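Reading through the structure tokens given below for one structure.
Predicted, not measured: the structure shown is a model, and the values here were computed from it. Reminder, nothing fancy here: chain letters follow the sequence lines and each chain counts from 1.
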Number of protein chains: 2
Amino acid sequence: MSTEAPGRRQVTLRDVAQLAGVSVATASKAINGKAEVSPDTRQRVLDVAERLSFRPNALARAILDGHTGTVGLLTHDLEGRFSLPILMGAEDAFGAGRASVLLCDSRGDAIREQHHLGTLLGRRVDGLIVVGSQTDARPPLGSDLPVPVVYTYAPSTDPADASVVPENVTAGRIAVEHLLATGRRRIAHVSGDVTYAAATDRAAGVDAALEEHGLERVGPVRYGSWSEAWGRSSTAALLEQDVDAVVCGSDQIARGVLDALHDRGVRVPEDVAVIGFDNWEPMIAGCRPALTSIDMNFQAMGRRAAERLFASLEGRDGGGVETITPRVIVRESTGG
Amino acid sequence: MSTEAPGRRQVTLRDVAQLAGVSVATASKAINGKAEVSPDTRQRVLDVAERLSFRPNALARAILDGHTGTVGLLTHDLEGRFSLPILMGAEDAFGAGRASVLLCDSRGDAIREQHHLGTLLGRRVDGLIVVGSQTDARPPLGSDLPVPVVYTYAPSTDPADASVVPENVTAGRIAVEHLLATGRRRIAHVSGDVTYAAATDRAAGVDAALEEHGLERVGPVRYGSWSEAWGRSSTAALLEQDVDAVVCGSDQIARGVLDALHDRGVRVPEDVAVIGFDNWEPMIAGCRPALTSIDMNFQAMGRRAAERLFASLEGRDGGGVETITPRVIVRESTGG
DNA sequence: AAACATGCCGAAACCCTTTTCGGGCACGCT
DNA sequence: AGCGTGCCCGAAAAGGGTTTCGGCATGTTT
């Protein structure tokens, strides 16, 4: 059974060399395709290596040339639905570039984060990606780290650090532009927890876009929580005024609003258009009608963070904040 | 700025020793708390180490004593909502035991999986956890791997391998037991994709529990897809017979059923009780009434997999399939 | 005072791989 | 025959840390 023999010594280059009747130097050259080996010697070595299923010890190699081909991914949490696509994007970019990802979850705890940082540096990661949980800026990991760091989702408070963040203001803007383009004029906004920068940023974008078109938001920004329940319970107040579109701070809120409108017999999109943020597939999937949503491109964010980290490793990244532009995914709820 | 100086050589034990005026051997002993060092020499070394923020190179250490303190987490995908809690549970267990996790996503591709396996073995992981995407058994990673492997979610086809899997049959049973305990007798079952073992296993559990109580399922098992849409569209057929409870193959299906019942004016739980599987928080959160659901304890599954891997490393795990018992989370939809 | 014990430190080997450099061998040319 | 010239191969060092063992100096005992 394959779970047996856990103590068996791993096969080393010396074993291969010995069995092939050559020196370790020759074996190394044969395996790595160096020139100074005769074809038949090379073949003999390769055969033995194959037979023993030899794998060069990446650690020994790393200790030589100073970089390990590993990067640390230090995430604030794994619960939220935001870290995951970022993680996927980063894993994607790294996988292609032959780097491996060491994953650490600090679970919102700064102490744990520092602990993980210590072990990651001890393992000589070539670089670090730090994934935040809110878009609010966060203090940098440390002041004099020996490896480059890219902050994503939450930027570093030091603007000189490399950060990749979503454009929440633009997202709000895009939502309104889309509604305006489809003929809506009386637009209300219900959002999530006011302590989140994501909520206030999106609201700022909504208002800015409205103002540019000489319009005003209908009613106040109704901050609450990022839940369907809030979406449902806030709908009554929304409908007290004449409204033909509702911008919802998240897909969950939007879903709650859709439900409440449905119960009241308000037709979507005929009477009122509804738009959400995040384009969160499992939440979108169940909406009736299908929900138009702003996709923040989190996966692209993870990829960019990985790319910038690579660039930093080669000294080709000057730091600074980079933003990822969201895009609208048009579905039925805005009358597409 | 902290992203600078990426090429700066990392501080080594030799640097510390030199600055403290001792040999590397003494520095090593001082830092690792070995006895043969005078207290003041030790303090001097520790001060220097602190000042240089020295971190012992884990690679060099690993190359010595043969194990790295890293484990590979080879997941079939990151999209699904099942791999994530497993990953969290495993990361949790490892973080406590001072092992680091190398994360690889094979994205359902066997070739990619083998590639990742190669790099992980090259990095000399001490062990591997393989996370599947379906509960159907999968072929083992390889026949003669140098490190222990624990398969989770999807077991290995080799029963001698160490596997940790959810009890889907039991889950179906528990759902029915709960409904019976709350006085229901006419129970229907709507489920997801029939090609998933999770669907048929749960259905088998449902039927077995019914039979034990001398009851029969109302209507056929209505297989479809794991979606709200299927839940909604299958409801009409369900109601053609006299039904006082519906077991739904997933929370999404349950939610669709709840919606459809609501639209038809059927009261939940007064007229019909509804129960789901997976206890998937974001889906549960929006349900009206709050949905009773069977929690498969995925996080515990990840933890157990990690624990068994540790046991294997110490030769304390004989292999074999272990199951994780689900539990019912009672909420309003079953009249709690 | 001499022998001995003890405590502290350093030299060197080891782990595994890569790379440089030097040496041996065969062959061709004169 | 002797010399030069490539071609292959192997010895050795490097990289960072741990560990063993030997040595030195001091303190203790007789």
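- B:Thr26 has a side-chain polar atom (N or O) that falls below the 4.0 Å cut-off from OP1 or OP2 of C:dG10.
- Between the CG atom of A:Leu13 and the C1' atom of D:dC9 there is a distance of 14 Å, given to the nearest Å.
- With 3.5 Å as the limit, one finds a donor-acceptor pair spanning the side chains of B:Ser100 and A:Arg123.
- When side chains are defined from C-beta on, B:Val71 counts as touching B:Val101, because their heavy atoms get closer than 4.5 Å.
- Residue A:Leu59 contributes atom CG, which lies 13 Å from atom C1' of D:dG17 at whole-angstrom precision.
- Side-chain polar atoms of B:Asp40 and B:Ser38 form a donor-acceptor pair below 3.5 angstrom.
- B:Phe82 and B:Tyr153 have parallel rings, their planes meeting at less than 30° on a 0 to 90° scale where 60° marks the start of perpendicular.
- Atom CZ of A:Arg14 is separated from atom P of D:dG10 by 14 Å (rounded to the nearest Å).
- Projected onto DNA chain D by closest heavy-atom contact, A:Val37 and A:Val24 fall at different nucleotides, the more 5' of which corresponds to A:Val37.
- Listed pair A:Arg61 / C:dT18 meets the phosphate criterion, a side-chain N or O lying under 4.0 Å from OP1 or OP2.
- Contact check, A:Ser23 against D:dC9: no side-chain N or O comes under 4.0 Å of OP1 or OP2.
- Remark: B:Glu314 engages B:Arg316 in a salt bridge, criterion side-chain N to carboxylate O under 4.0 Å.
- Contact annotation: A:Ser38 reaches the phosphate of D:dC9 (side-chain N/O to OP1 or OP2, under 4.0 Å).
- The side chain of B:Thr41 places no N or O atom within less than 4.0 Å of a non-bridging phosphate oxygen (OP1 or OP2) of C:dC8.
- Picking from D:dT19, D:dA12, D:dG17 the nucleotide with the shortest atom distance to the side chain of B:Ala25 gives D:dT19.
- Between the CZ atom of A:Arg123 and the P atom of D:dG16 there is a distance of 19 Å, rounded to whole Å.
- Mapping B:Leu64 and B:Lys34 onto DNA chain D by nearest heavy atom places B:Leu64 closer to the 5' end of the strand.
- Looking at heavy-atom distances under 4.0 Å, B:Thr12 makes contact with sugar-phosphate atoms alone, never a base.
- Distances were taken from every side-chain heavy atom of A:Glu36 (C-beta onward) to each of D:dG16, C:dA11, C:dC21; the shortest belongs to C:dC21.
- Across the protein-nucleic acid pair, A:Ile63 atom CD1 and C:dC14 atom C1' stand 12 Å apart, rounded to whole Å.
- A donor and an acceptor atom never sit less than 3.5 Å apart when one is taken from the side chain of B:Lys29 and the other from the base of D:dG17.
- Rounded to a whole Å, the CD1 atom of A:Ile31 is 8 Å from the P atom of C:dT18.
- One can place CZ of A:Arg44 at 12 Å from C1' of D:dC8, the figure rounded to the nearest angstrom.
- Rounded to an integer number of Å, the gap from CD of B:Gln18 to P of C:dG10 is 13 Å.
- Using a 4.0 Å heavy-atom distance criterion, A:Asn32 is classed as a sugar-phosphate-only contact.
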Checklist entry - Under the side-chain contact (heavy atoms from CB on, under 4.5 Å) criterion, do B:Leu19 and B:Phe54 qualify, and how do the steps go? => result CA-CA 12 Å; B:Leu19 208 57; B:Phe54 166 75; over 6 Å; no
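- Along DNA chain C, the nucleotide closest to B:Arg124 and the one closest to B:Val22 are compared, and the more 5′ of them pairs with B:Val22.
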